Amino acid sequence: EDKVVQSPLSLVVHEGDTVTLNCSYEVTNFRSLLWYKQEKKAPTFLFMLTSSGIEKKSGRLSSILDKKELSSILNITATQTGDSAIYLCAVGGPNDMRFGAGTRLTVKP
Amino acid sequence: NAGVTQTPKFQVLKTGQSMTLQCAQDMNHEYMSWYRQDPGMGLRLIHYSVGAGITDQGEVPNGYNVSRSTTEDFPLRLLSAAPSQTSVYFCASSPPVGGYTFGSGTRLTVV
């Protein structure tokens, strides 16, 4: 059975810290890995990764995929309280996306 | 600039009642999906559609029906509500390549 596992489940840091969130997967047919941020309501799309070793970056957030290790990391540098959210990792295509349980990040002032 | 519109935002049902969750998107996306989100379990796929007239089951389809008569609309029907269907439901749409755009969610409680 396909599965996506995220770690840690929760994380508390202080503003300015750098955090690394992990996602590992076991799927029969890998197409892409996506990261989402979920605050109070709906998840919002952050990154889509399809090729190993190519970093995607948006401001203080960056992500990279390692297909050999079947994993991805999401880095957030210089964290702010507005980064507090659940970060979801998902693997698959547009009709069969499988999500991990998420990492709850809390950034304290 | 509506994106994905879901209604209602909240609903309480009695066991055995039926209802329809509405979902509409204005981005001309081919793919639409319904997910439920339960604590500690992440998002699980209920049903999906790859275009008007085409639907298929996801990971947890039992107790739910869908139809896709137009590109824009993808309603989810609960046939006979059960307490196990208490959850937050999200509708999502996407192009063939790229991330989902999610609706704002429906919090459903079945008593």
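Treat the numbers as computed from the prediction; the structure is a model and nothing was measured. Convention: sequence-line order gives letters A, B, ...; per-chain numbering from 1. Below, all heavy atoms of this structure are taken into account, side chains as well, without hydrogens, waters or symmetry copies.
Of all the listed residues (P95(B), G40(B), S104(B)), the one sharing the greatest number of non-hydrogen pairs under 4.5 Å with chain A is S104(B). Contact count versus chain B (heavy atoms, under 4.5 Å) is highest, among M97(A), M48(A), R104(A), for M97(A). Per-residue counts of heavy-atom pairs under 4.5 Å with chain B were compared for A90(A), G100(A), G102(A), P43(A); the largest is that of P43(A). Between chain A and the options G103(B), G98(B), S93(B), the largest number of non-hydrogen pairs under 4.5 Å is found for G98(B).
For R107(B), the CZ atom sits in a loose shell: 12 or fewer heavy atoms of surrounding residues, nucleotides or ligands are nearer than 6.0 Å. In L79(B), the CG atom is crowded: over 12 heavy atoms of neighbouring residues, nucleotides or ligands sit closer than 6.0 Å. Within 6.0 Å of atom CZ in R44(B), more than 12 heavy atoms from other residues, nucleotides or ligands are found, so the atom counts as buried in its surroundings.
Residues V50(B) and Y48(B) meet the side-chain proximity criterion, which asks for heavy atoms closer than 4.5 Å. Between K37(A) and E39(A), some side-chain heavy-atom pair lies under the 4.5 Å cut-off.
For A101(A) against Q6(A), the heavy-atom pair with the smallest separation is N-OE1, 3.9 Å. Minimum heavy-atom separation, L33(A) to C23(A): CD1-SG, 4.1 Å. The minimum heavy-atom distance linking T101(B) with V4(B) is given by the pair O-CG2, 3.4 Å. Heavy atoms only, all atoms of each residue included: V4(A) and F99(A) are closest at CB-C, 4.1 Å. Here the closest heavy-atom approach between residue T50(A) and residue R31(A) is recorded as CG2-O, 3.6 Å. Contact between A42(A) and F90(B) at its shortest, heavy atoms only, is CA-CE2, 3.6 Å.
Contacts with chain A (heavy atom to heavy atom, under 4.5 Å) involve no residue of residues 60-74 of chain B. Listed by sequence position, the residues of residues 51-82 of chain A in contact with chain B number zero, using a 4.5 angstrom heavy-atom cutoff.
Heavy-atom distances place the side chain of Y31(B), and not its backbone, under 4.5 Å from chain A. Neither the backbone nor the side chain of P39(B) has a heavy atom closer than 4.5 Å to any heavy atom of chain A. Contacts of E30(B) with chain A are absent, with no heavy-atom separation under 4.5 Å from either backbone or side chain. Both the backbone and the side chain of Y100(B) come within less than 4.5 Å of a heavy atom of chain A. Looking at Q38(A), the atoms closer than 4.5 Å to chain B (heavy atoms on both sides) all sit in the side chain, from C-beta outward. The parts of L43(B) that come within reach of chain A are both its backbone and its side chain, each placing non-hydrogen atoms under 4.5 angstrom from that chain. Of the two parts of F47(A), neither the backbone nor the side chain holds a non-hydrogen atom closer than 4.5 Å to a non-hydrogen atom of chain B.
Taking the ring centroids of Y25(A) and F30(A), they lie under the 6.0 Å cut-off.
Judged by distance alone, the side chains of T106(B) and Q6(B) do bring a donor and an acceptor atom under 3.5 Å apart.
Under 4.0 Å is where a charged nitrogen must lie from a carboxylate oxygen, and between D38(B) and R36(B) at least one such pair does.
Atom CG of L34(A) and atom CG of L46(A) lie 9.5 Å apart (nearest 0.5 Å).
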